[in-house]
Amino acid sequence: MKEAYFPQEIEKKWQRVWEETGAFKTPDDSDKPKYYALSMFPYPSGKLHMGHVRNYTITDVIARFKKAQGYNVLHPIGWDSFGLPAENAAMKHGANPETWTDENIAYMTKQLKMLGLSYDWDREVATCKPEYYKWTQWLFLQLYKKGLAYKKEAAVNWCNDCGTVLANEQVIDGKCWRCDSVVEKKYLSQWFLKITDYADVLLEDLDKLAGWGDNVKTMQANWIGKSHGAIFRFPVLDAPNGEKMDVPVYTTRPDTVHGITYLVVAPEYKDIEKLTTPENKVAVEEYRANARKMSEIERLSTDRPKTGVPLGTHCKNPFTGETFPLWTADYALVEYGTGAVMAVPTHDTRDFAFAKKYNLPLKTVIKPADKDLGAPESWDDAYVDSGVLVNSGEFNGMDNESAKKAITEKAVKDGFGEFKTQYRLRDWLISRQRYWGAPIPVVYCDKCGIQPVPEDQLPVLLPKDVDFSVVGKSPITTSPTFKDTVCPVCGGHATREMDTMDTFICSSWYYLRYADARNNKECFNKNKVNHWLPVDQYVGGIEHAILHLLYSRFFTKALRDCGLLDFDEPFKNLLTQGMVLKDGSKMSKSKGNTVDPDEIFENYGADTARLFILSDSPPARDFDWSDAGVEGCYKFLNRVWRLIATNADNISLDIPEIKAGDLNKKENDDLLRNVHIAIKGITNDISNDFQFNTVISKYRELTNAIYDWQSKKSTLDDEDKLVLSFAIVSLMKLMSPVAVHLTEEAWHDLGGEGSIHNQQWCKWDENLAKSSSITLVVQINGKVKDKIEVDEGLSQEEMKEKALSSEKIKSQTAGKTVVKTIVVPKKLVNIVVK
RNA sequence: GCUCCAGUGGCGGAAUCGGUAGACGCGUCGGACUUAAAAUCCGAUCGGGGCUCAACCUCGGUGCCAGUUCAAGUCUGGCCUGGAGCACCA
């Protein structure tokens, strides 16, 4: 065995061997229990970054650990390869997005292999390949048949820089998630998926996800935004055309209904013209035109002063008989609730600000039980806390929580309202006016209208005869061959849908395809999907907390309802890894603080990179990259290598089981114990929340313990060699999921058969994993005063005696009264004195 | 504004159930080996006080203030700071 550690040499060799022998192929049929470990698949942007390295290393270690524990592990990889960057790159360099994507996939595949990841490459998928997007289109058709895909004219988010519409989830702070430019509203006819049909079950089933962090679950719950309240319909008294009509409002505060002093409709409210008097028409039209011009970001800014104009008409409050005026104001949102708000300025901060500005009346209807609030005209803000009702007729004196129910019940009985559950979640807009995506498989017939493309005509291929240099429209529209087609129903002329699907559709089902990646007859075989899914451990970035993870949950539920699979949640356990930072901020090209994985592989090897990326922080927390830390990990691997290499002649792989009492020498017994403690600790640390940072500290502790043991030996007898072999081979096995190449090389150099990665995980003996003597901690009044080495088997009474007979304790308790003594078995004695 | 997460040495972080705070590493300092360097190895490293120094002794210490308990980094209540998500959602 070579004395020196040459990672570059070793790593290339084993990567080749693993590839040639198909070391990581996963059979579908196996007697072993299944385990599905999955990393979020990458977008082929060009090169791996450290975030990828962290993500894939974490999942790889989990996959290898589970395999060693006897599972049949599915650990696949693929490419989320449709999307705008490819198209933009193509436009910039005059190339083709496909070429650009293929080149990136090739390069990044090479890098993934250099990292020593145990993927089953036979299951690789790329969402931009026709053999994949054929099935994306097929799934769209299933959703269409089920009534879950529909087209409608709506105000949608438009990103001018990307030249396409965006889903609500892709608008962050009023800006495009990808290019950060300000999003505008446009009225367009677009395709939507009815995710709102699943709002309730998506929310409820979060409770089933015990293996997800609360942060992600609350983010999803907030996004779905369920609230309970009531719809009230207020009759209009003076509509200019004399029509009898109602204005319905949604409120979560039915208890404040007696305090209404005006009503607001959104500028885009559908009946606004009917509710405007001729005298107010000009001002209202002007206000609406202004609102239309405003960007979303301005419109939604909470600190912008409230504005509005009166419509001139009035409603009657059926609870009080009072009349109140109608206004339009842009703080009412047309997409939420009914698009109209009952305004109770005394008990809502927004209404309060608006009423103050326009001198609208204030009427108190809730006050704290124990004090008076005074005239609302003197308040600085609305009173929004709970209390008892006043000025509310028959409901006076009732606490406001009970009043919510009682008042709504009265409205139901009298026929002008009902209970209502409201969600903030909107339907998922999936049309994109871009080229590099899966075409929406729909045609528009001059006679028959919208027609889905028949399944046997799939895939609808992306045209290749397009001009990528066009500005202001999708390149797909430049294809001379794509647009015109025939109607599948009447055979007459039809035009194809020119929009492609949001790439998040492609990534909403890829984890299903891995179960049956090469199937060219079906999307996936139902039995195979039911066997492998749900994913046992999903690992990826927190940035997908809402987008990808919510969409995938929706897809799984929808496909279950289409009869394609039998489970209702795709990801049983979710690990959201933290970001990789350098000098305290996120690695990014613009900040110039990136570290190139290639350089690390070249200078230190993949094993060092893997070890380091796991070592310094728990996986869920942000990780601060440090060059000194890499160096430290490299030194540690050298230290491990030296330990094995210098002892190679004394190590046998054929180790009989060593039981308690088999060894004669105390130091050998101690080393044996340390090995068992390490096995137990490392196994538990990986099993509980994947605490790889402490796993690695335990590698170091065991390595230190073996070096310490060795420093006391000048020659080795048979017992020494036995215990040394056990210690070193255990260390190698424990490290094999992380230092995948080093341990494989050492295994072979020591004469091992096959691969260390096919060996069983180490087992520990509970009796050997604890020491025979313990440190008895003696406290006085809860403060540690002495530590005594005692035999483990001591009774509580004996522990107490030992403690009290300690010289230190005697001197500190002298002259004081012992009030009480608490004995914690095998741990400590606390003496309470006065 | 609402929701969630976090706060421990110079730094990253450790500490099943409430039971020895600071494992392991990085950095720093000191030493060994060497002609020298690299590599490697050994030792020290929370703060205050006592002792000529050291061993040792002692007090304080996990963002802040209270509380529960024999005992609190850990539990409860209230704050402060940082991060993330949502946000004129009625």
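Every value quoted in this text rests on a predicted model; they were computed, and no experiment measured them. Chain identifiers are assigned alphabetically (A, B, ...) following the order of the sequence lines, protein sequences preceding nucleic acid strands; residue numbering begins at 1 within each chain.
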*Do you know the tightest heavy-atom contact between Ser730(A) and Ile679(A)?*
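For Ser730(A) and Ile679(A), the tightest heavy-atom pair comes out as OG-CD1, 4.4 Å.
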
*What is the minimum heavy-atom distance between Leu731(A) and Tyr699(A), and which atoms define it?*
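Where Leu731(A) meets Tyr699(A) most closely, the heavy atoms are CD1-O, 4.0 Å.
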
Side-chain N or O of [X] closer than 4.0 Å to phosphate OP1/OP2 of [N]:
{"X": "Tyr699(A)", "N": "C24(B)", "result": "no"}
{"X": "Asn693(A)", "N": "A14(B)", "result": "yes"}
{"X": "Lys420(A)", "N": "A90(B)", "result": "no"}
{"X": "Asn704(A)", "N": "A23(B)", "result": "no"}
{"X": "Arg424(A)", "N": "U3(B)", "result": "no"}
{"X": "Ser617(A)", "N": "G13(B)", "result": "yes"}

side-chain contact (heavy atoms from CB on, under 4.5 Å) partner of [X], the single match among [options]:
{"X": "Tyr262(A)", "options": "Pro310(A), Pro325(A), Cys315(A)", "result": "Pro325(A)"}
{"X": "Val778(A)", "options": "Leu828(A), Asp786(A), Leu804(A)", "result": "Asp786(A)"}
{"X": "Gln796(A)", "options": "Thr821(A), Val823(A), Ile822(A), Val824(A)", "result": "Val823(A)"}

Indicate yes or no: does [X] engage [Y] in a salt bridge with an N to O separation below 4.0 Å.
{"X": "Asp685(A)", "Y": "Lys698(A)", "value": "yes"}
{"X": "Arg642(A)", "Y": "Glu3(A)", "value": "no"}
{"X": "Asp330(A)", "Y": "Arg304(A)", "value": "yes"}
{"X": "Arg288(A)", "Y": "Glu268(A)", "value": "no"}
{"X": "Asp200(A)", "Y": "Lys226(A)", "value": "yes"}
{"X": "Glu418(A)", "Y": "Arg233(A)", "value": "yes"}

*For the side chain of Lys306(A) and the base of C88(B), is some donor closer than 3.5 Å to an acceptor across the two?*
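For Lys306(A), whose side chain was compared with the base of C88(B), there is a donor-acceptor pair (under 3.5 Å).
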
*Residue from Phe324(A), Phe319(A), Phe416(A) passing ring-ring contact (aromatic ring centres under 6.0 Å, His included) with Phe234(A)*: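 Only match with Phe234(A) under ring-ring contact (aromatic ring centres under 6.0 Å, His included): Phe324(A).
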
*With syn defined as a glycosidic torsion within 90 degrees of 0 and anti otherwise, which applies to C17(B)?*
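In terms of base orientation relative to the sugar, C17(B) is syn.
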
What is the distance, to the nearest angstrom, from the [atom1] atom on [X] to the [atom2] atom on [N]?
{"X": "Lys785(A)", "N": "C57(B)", "atom1": "NZ", "atom2": "P", "result": "11 Å"}
{"X": "Arg621(A)", "N": "C5(B)", "atom1": "CZ", "atom2": "C1'", "result": "11 Å"}
{"X": "Glu631(A)", "N": "C26(B)", "atom1": "CD", "atom2": "C1'", "result": "12 Å"}
{"X": "Arg54(A)", "N": "G12(B)", "atom1": "CZ", "atom2": "P", "result": "14 Å"}
{"X": "Asn222(A)", "N": "C5(B)", "atom1": "CG", "atom2": "C1'", "result": "13 Å"}
{"X": "Phe612(A)", "N": "G12(B)", "atom1": "CZ", "atom2": "C1'", "result": "9 Å"}
{"X": "Phe623(A)", "N": "G83(B)", "atom1": "CZ", "atom2": "P", "result": "22 Å"}
{"X": "Met219(A)", "N": "A87(B)", "atom1": "CE", "atom2": "C1'", "result": "14 Å"}

_Using only atom types and a distance under 3.5 Å, with no angle test, would you say the side chain of Thr338(A) pairs donor to acceptor with the backbone of Ala340(A)?_
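Yes; at least one donor-acceptor contact below 3.5 Å.
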
If I pick the [atom1] atom on [M] and the same atom on [N], what distance separates them, to the nearest angstrom?
{"N": "U28(B)", "M": "A39(B)", "atom1": "P", "result": "12 Å"}
{"N": "G67(B)", "M": "U52(B)", "atom1": "P", "result": "41 Å"}
{"N": "C11(B)", "M": "G27(B)", "atom1": "C1'", "result": "7 Å"}
{"N": "U16(B)", "M": "G50(B)", "atom1": "P", "result": "37 Å"}
{"N": "G9(B)", "M": "U74(B)", "atom1": "P", "result": "15 Å"}
{"N": "C70(B)", "M": "G18(B)", "atom1": "P", "result": "15 Å"}
{"N": "A37(B)", "M": "G31(B)", "atom1": "P", "result": "12 Å"}
{"N": "G47(B)", "M": "C86(B)", "atom1": "P", "result": "43 Å"}

*Using a heavy-atom distance cut-off of less than 4.0 Å, which residues of residues 249-257 of chain A contact RNA chain B?*
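Nucleic-acid contacts, sorted: Tyr250(A), Thr251(A), Thr252(A), Arg253(A).
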
*asked:* Can you tell me which nucleotide in C4(B), C26(B), A14(B) comes closest to the side chain of Thr218(A)?
replied: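 Closest of the options to the side chain of Thr218(A): C4(B).
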
_Residue met sooner reading RNA chain B from 5', once Asn215(A) and Arg426(A) are mapped to nucleotides_ =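 Of the two residues, Asn215(A) wins.
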
*Residue whose nearest RNA chain B nucleotide is more 5′ - Ala340(A) or Asp624(A)*: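 First, find each residue's nearest nucleotide; the 5'-ward one identifies Asp624(A).
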
Regarding [X] and [Y], do their side chains bring together a donor and an acceptor under 3.5 Å, going by distance alone?
{"X": "Asp627(A)", "Y": "Trp625(A)", "result": "yes"}
{"X": "Arg621(A)", "Y": "Gln577(A)", "result": "no"}
{"X": "Tyr604(A)", "Y": "Glu631(A)", "result": "yes"}
{"X": "Tyr634(A)", "Y": "Asn603(A)", "result": "no"}

Write down the protein N/O and nucleotide N/O pairs, taken from nucleotides 41-51 of chain B, whose separation is under 3.5 Å; answer none if there are no such pairs.
from   : atom 1 : to        : atom 2 : distance (Å)
C41(B) : OP1    : Arg639(A) : NH1    : 2.5

When all nucleic acid strands are considered with a 4.0 Å heavy-atom cut-off, which category describes [X]: base, sugar-phosphate, or nothing?
{"X": "Val784(A)", "value": "sugar-phosphate"}
{"X": "Gln691(A)", "value": "sugar-phosphate"}
{"X": "Lys635(A)", "value": "sugar-phosphate"}
{"X": "Lys808(A)", "value": "sugar-phosphate"}

*List in chain and number order the residues that pass ring pair (Phe, Tyr, Trp, His ring centres under 6.0 Å) with Trp223(A), two or more places apart in sequence or in another chain; answer none if no residue qualifies.*
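Ring pair (Phe, Tyr, Trp, His ring centres under 6.0 Å) list for Trp223(A), sorted by chain: empty.
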
Name the pairs: protein N/O against N/O of nucleotides 65-72 of chain B, kept only if under 3.5 Å.
from   : atom 1 : to        : atom 2 : distance (Å)
C70(B) : OP1    : Lys820(A) : NZ     : 3.2
C70(B) : O2'    : Asn830(A) : ND2    : 3.3
C70(B) : O2     : Asn830(A) : ND2    : 2.4

Heteroatom pairs (N/O) under 3.5 angstrom, protein to nucleotides 30-33 of chain B:
none

*Can you tell if the side chain of Val216(A) reaches within under 4.5 Å of the side chain of Leu574(A), non-hydrogen atoms only?*
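Side-chain contact under 4.5 Å: yes.
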
*Structure string for RNA chain B in dot-bracket form, Watson-Crick and G-U at under 3.5 Å, | interchain*: (((((((..(((......[....)))((((((.......))))))(((((.....)))))..(((((..]....))))))))))))....

